[in-house]
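A note on names: the letters A, B, ... follow the listed sequences, proteins ahead of strands, and every chain is numbered from 1. These numbers were taken from a predicted model, which means no experiment stands behind them.
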Protein chains: 2
Amino acid sequence: MIDDDLSLTFAALADPTRRSILAQLTRGEATVKELAAPHAMSLPAVSRHLKVLERAGLVVKGREAQWRPCRLETAPLRDVDAWMAPYRQFFEDRFDRLEQHLRSLMTDSTDEESR
Amino acid sequence: MIDDDLSLTFAALADPTRRSILAQLTRGEATVKELAAPHAMSLPAVSRHLKVLERAGLVVKGREAQWRPCRLETAPLRDVDAWMAPYRQFFEDRFDRLEQHLRSLMTDSTDEESR
DNA sequence: CATGTAATTACCTCACTTGTTAATTAACGA
DNA sequence: TCGTTAATTAACAAGTGAGGTAATTACATG
């Protein structure tokens, strides 16, 4: 994808293996081999997944001897969050309404207080 | 993509044209032709983009004579929002600190009311 | 019924992604 | 220096994505 940052980020997130890698990295730094371990996949494949995440800015790779400790970088996720903002009202309203509905159900079943 | 819902959603969002279409739909329903108008692209191309969005559940198409009024559906975005939750702590801390900083700047410059 | 409009489907092309195995680079350590 | 380990790169196959034009479907209307 020769696209913008947001497209790069979304494309990076559009793969279960890569999302799994990100989840792993929330538990701290890890080497490529460590990140590859839980995935039924060759090491080069995981290495390329990491490259995609790196290109999207979601992962930063360091160098320690022959290891490449990978670290989570959430800046692109903040951009996703910002992109979501205009859409949030479309589902947060309904959620609020649902929450309100559930709350009214509770008050109805237990005791009075109509509005 | 023979993947899960989240991958389908992220893949659908990983294209500027499709995100532009979603933005258009926040301003109300629109036909395929209307959605295609702002994009320097053939109608079939836009039709296929809509199919991707539809498959991801982000767009619902109705039928009115020969028109297919498209409507925004944000349920998948709520799933994205939920997926982001564990990562939010990694960047919201900083944002909260910024918000707090800005708020303190405001109260400092205008007048009192600390807590 | 013929015509025009909205939209999709068919067909083709080009480029990229994802996975594999084999080879290569880089660094440590006996 | 030789062998081992970590990781990447090379080379290949298969699948997918995105675009175009041409043909087709579906509906409305003169």
With a 4.0 Å cut-off, would you call B:R55 and B:D5 a salt bridge? no
Could you work out how much the helix from C:dC1-D:dG30 to C:dA30-D:dT1 bends, comparing the axis of its first five pairs with that of its last five, to 10°? 10°
Of all heavy-atom pairs linking B:L77 and A:M84, the shortest is O-CE, 3.5 Å
For nucleotides 22-25 of chain D, print each protein N/O atom paired with a nucleotide N/O atom at under 3.5 Å, atom names and distance only.
none

Which pairs pass side-chain hydrogen bond (donor to acceptor under 3.5 Å, both in side chains) with one or both residues in residues 36-50 of chain A, sequence neighbours excluded? A:R18-A:H49, A:S20-A:H39
Charged N-O contact under 4.0 Å between A:R19 and B:D4: yes
State, to 0.1 Å, how close A:A14 and B:D3 come at their nearest heavy-atom pair, and which atoms those are. O-OD2, 4.4 Å
When you measure from the side chain of A:Y87 to the backbone of B:T26, do you find a donor-acceptor pair of N or O atoms at a distance under 3.5 Å? no
Can you list the residues that meet the side-chain contact (heavy atoms from CB on, under 4.5 Å) rule with A:K61, with sequence neighbours excluded? A:L50, A:E54, A:R68, A:C70
Roughly how far, to the nearest 0.5 Å, is the CZ atom of A:F90 from the CZ atom of B:R78? 13.0 Å
Closest to side chain of A:S42, choosing from D:dG20, D:dA18, C:dT20: C:dT20
B:E34 and B:A30: which non-hydrogen atoms are nearest, and at how many Å? OE1-CA, 3.2 Å
Can you figure out which of D:dA11, D:dT8, D:dG19 approaches the side chain of A:K61 most closely? D:dT8
Rounding to an integer number of Å, can you tell me how far A:L43 CG sits from D:dA10 P? 16 Å
For the pair made of NZ in A:K51 and C1' in C:dG19, what is the distance, rounded to whole Å? 16 Å
A:T17 side chain reached by A:M41 side chain, heavy atoms, under 4.5 Å: yes
Using atom CG of A:L8 as one end and atom C1' of C:dT17 as the other, report the distance to the nearest whole Å. 13 Å
Below 3.5 Å, does any donor atom in the side chain of B:R48 face an acceptor in the base of D:dG17, or the other way round? no
Could you tell me whether the side chain of A:L6 reaches within less than 4.5 Å of the side chain of B:L13, counting heavy atoms only? no
Rounded to whole Å, the CD-C1' distance (B:E64 to C:dT5) equals 15 Å
Which whole-number value in Å describes the distance from A:H39 NE2 to C:dT20 C1'? 18 Å
Grab the NE2-P distance between A:H49 and C:dT17 for me, whole Å please. 12 Å
When the distance from CG of A:D15 to C1' of C:dT17 is rounded to whole Å, what number comes out? 10 Å
For DNA chain C, what residues of residues 28-38 of chain B have any heavy atom nearer than 4.0 Å? B:T31, B:V32, B:K33
Using whole Å, what does the distance between atom P of nucleotide C:dT17 and atom CG of B:D3 come to? 15 Å
Quick one: what's the B/S/- string for nucleotides 25-30 of chain C, heavy-atom cutoff under 4.0 Å, read 5' to 3'? --SS--
Heavy-atom pair of closest approach, residues A:L58 and A:A12: CD1-CB, 4.0 Å
How long is the straight-line distance from CG of A:D81 back to CZ of B:F91, given to the nearest 0.5 Å? 4.5 Å
With the side chain defined as heavy atoms from C-beta on, A:V52 is closest, among C:dT18, C:dT20, D:dT8, to C:dT18
On a heavy-atom basis, which atom in B:L35 and which in B:V46 lie closest, and how many Å separate them? C-CG1, 4.4 Å
